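First up is the structure itself, then whatever we jot down about it.
This is a predicted model, so every value here is computed, not measured. Positions are given from 1, in the same order as the sequence printed here. All heavy atoms count here, side chains included; hydrogens, waters and symmetry mates do not.
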Amino acid sequence: MDKNLIQRTISGIVYIAVIILCTTPLGAQLLDHISPGLVKQQYLYYGLITFLLLVGTWECIKIMKFGDGYEKWIVLPLVLFIYYMFSKRFFNHDFYFNFRLSEILAISLTVIAVVTLFKFSRELYIDSGKLIFTVIYVALPFCFALGLPKYSSHENTFSLEVIFLFILIWSSDTFAYLVGKFFGKHKMAPKISPKKTWEGYAGGVILTLVLSYFVEQYQPQLRGNWMIVGFLIAAFAPLGDLVESQLKRTFGVKDSGNIIPGHGGVLDRLDSFLICVPVVYLYFILEKFI
């Protein structure tokens with residue numbers, strides 16, 4: 001058997017296992033067998049998001065090839081400051097998904113960053129542009145990710161919005177790949193991602209909606225309508241892949257890193273996640289008004 005295939009399989013299994021253990025109550029339950037109450041689930045989740053934030057920030061700094069100016073040295077402190085502000089809300093249960101101008105502004109900045117990458121990429125050759133892009137592209141999605149699950153320390157509960165977000169992203173990517181491989185003829189963005197097709201995109205949306213139907217039926221405790229969430233994920237997940245591909249193409253980089261052997265870096269694995277999280281977070285805000 002191909003050694004690379006073995007490596008990819010093992011690292012993929014480990015990656016999925018870590019995601020499951022840190023985004024569902026299974027992680028805390030498993031640790032309870034070692035020592036009851038050793039670590040609460042919210043701390044496992046927070047640790048995962050913090051780790052991904054740090055590695056993702058470092059990878060983005062390397063991809064964009066910062067110069068020796070002050071910008072390179074204030075990226076991480078600025079990212080951590082913004083993350084700290086959201087962390088206080090996470091531990092104080094302050095994510096109520098009410099309409100806040102600051103959050104809408106932050107999500108709007110994500111749209112501006114994506115447009116800049118595709119249409120005005122020269123702005124990203126300047127270190128100040130690299131600084132702003134890194135903060136928006138990496139920090140904000142992980143900050144918003146802290147607001148997706150609900151938990152109670154007293155009742156020892158932790159909701160499952162994040163794991164189902166991952167599952168639907170994985171299903172969207174898988175279905176789009178399979179449909180595109182067998183039926184794809186019309187390229188979506190041949191210069192950025194040659195393997196993506198419109199047929200694959202449509203297949204990913206349709207089949208992810210089918211899966212979303214079962215999530216909505218059998219997980220009624222989840223926030224929001226998961227038929228809508230599934231559609232948003234299937235619609236925007238491919239954009240996440242295109243954004244990261246364009247970023248690497250702009251700076252002549254093949255992979256964001258190699259922390260996951262055979263799969264690349266954190267940004268390679270979470271490209272769809274980085275775009276889907278702000279979209280789903282925005283939906284959770286707006287669904288109260290629908």
Check your understanding: Transitively linked via ILVMFWY side-chain contacts under 4.5 Å: Val215 with Phe175?
Key -> no

Point to revise | Flag side-chain contact, heavy atom, 4.5 Å: Tyr283 against Val229 | key: yes

Review point. Taking the six-membered ring for Trp, are Phe142 and Phe86 ring centroids under 6.0 Å apart?
Key: no

Review point. So, the side chain of Glu199 versus the backbone of Val179: is there a donor-acceptor pair under 3.5 Å, distance only?
Key: no

**Study point:** Least distance between heavy atoms, Ile107 atom then Pro278 atom
**Key:** CD1-O, 3.8 Å

Review point. Should Tyr177 and Ile169 be counted in the same cluster of Ile, Leu, Val, Met, Phe, Trp and Tyr side chains packed under 4.5 Å apart?
Key: no

Check your understanding: Looking only at atom types and distance, does a side-chain atom of Gln246 sit under 3.5 Å from a main-chain N or O of Asp241, one as donor and one as acceptor?
Key -> no

Check your understanding: Under a 4.5 Å cut-off applied to non-hydrogen side-chain atoms, are Thr23 and Leu160 in contact?
Key -> no

Review point. In the single-linkage hydrophobic clustering (I, L, V, M, F, W, Y; side-chain heavy atoms under 4.5 Å), do Trp198 and Leu178 co-cluster?
Key: no

Practice item. Return yes if some donor-acceptor pair links the side-chain N/O of Lys65 with the main-chain N/O of Phe251 below 3.5 Å, else return no. Key: yes

Review point. With a 4.5 Å heavy-atom cut-off, do Glu161 and Trp226 have their side chains touching?
Key: yes

Review point. Is a side-chain donor or acceptor of Ser172 paired with a backbone partner of Leu168 at a separation under 3.5 angstrom?
Key: no

Revision key, fill the gap. Given the options Leu26, Leu31, Ile49, Leu44 meets side-chain contact (heavy atoms from CB on, under 4.5 Å) only with Leu31

Review point. If you draw a 6.0 Å radius around OH in Tyr43, do more than 12 non-hydrogen atoms from other residues or ligands fall strictly inside?
Key: no

Review point. How far does CD1 of Ile259 sit from CH2 of Trp58, to the nearest 0.5 angstrom?
Key: 12.5 Å

Practice item. State, without any angle test, whether Tyr83 and Thr50 hold a side-chain donor-acceptor pair at a distance under 3.5 Å. Key: yes

Check your understanding: Do the side chain of Ser212 and the main chain of Met227 share a donor and acceptor less than 3.5 angstrom apart?
Key -> no

Point to revise | Beyond-backbone contact of Glu216 with Tyr213, side-chain heavy atoms, under 4.5 angstrom | key: no

Review point. Are there more than 12 heavy atoms of other residues, nucleotides or ligands under 6.0 Å from atom CZ of Phe231?
Key: no

Practice item. Mind listing the closest non-hydrogen atom pair of Phe144 and Val277 along with its distance? Key: CB-CG1, 3.7 Å

**Study point:** Parallel, tilted or perpendicular, as decided by the 30° and 60° cut-offs, for the rings of Tyr151 and Phe158
**Key:** parallel

Practice item. Would you name the heavy atoms of Leu242 and Phe118 that are closest together and state the gap between them? Key: O-CZ, 3.8 Å

**Study point:** Phe91 atom CZ, over 12 foreign heavy atoms within 6.0 Å
**Key:** yes

Review point. Would you say Arg223 and Glu287 make side-chain contact, with heavy atoms under 4.5 Å?
Key: yes

Practice item. Please determine if Asp127 and Lys72 form a salt bridge, counting it only when a charged side-chain N lies under 4.0 Å from a carboxylate O. Key: no

Review point. Distance only, no hydrogens: is a donor on one side chain within 3.5 Å (strictly under) of an acceptor on the other, for Ser87 and Tyr46?
Key: yes

Practice item. Identify the heavy atoms of Leu165 and Leu148 that sit nearest to each other, and give their distance. Key: CD2-CD1, 3.8 Å

Point to revise | Phe51 atom CZ, over 12 foreign heavy atoms within 6.0 Å | key: no

**Study point:** Reported CG-to-CZ distance for the pair Asp173 and Arg269, which is rounded to 0.5 angstrom
**Key:** 8.5 Å

Exercise for review: Heavy atoms only: give me the nearest Glu59-Val266 pair and the separation to one decimal.
Suggested key: OE2-N, 2.9 Å

Check your understanding: Less than 6.0 Å separating the ring centroids of Tyr15 and Phe166?
Key -> no

Review point. Just wondering, do Leu52 and Phe273 contact through their side chains at under 4.5 Å, heavy atoms?
Key: no

Review point. Would a 4.5 Å heavy-atom cut-off, applied to side chains only, mark Val138 and Val79 as touching?
Key: no

Check your understanding: So, the side chain of Lys248 versus the backbone of Val253: is there a donor-acceptor pair under 3.5 Å, distance only?
Key -> no

Check your understanding: Val162 and Pro149: which non-hydrogen atoms are nearest, and at how many Å?
Key -> CG2-CD, 3.8 Å

Review point. What do you reckon, are the aromatic ring centroids of Trp73 and Tyr70 less than 6.0 Å apart?
Key: no

Practice item. Could you tell me whether the side chain of Glu71 reaches within less than 4.5 Å of the side chain of Lys130, counting heavy atoms only? Key: no

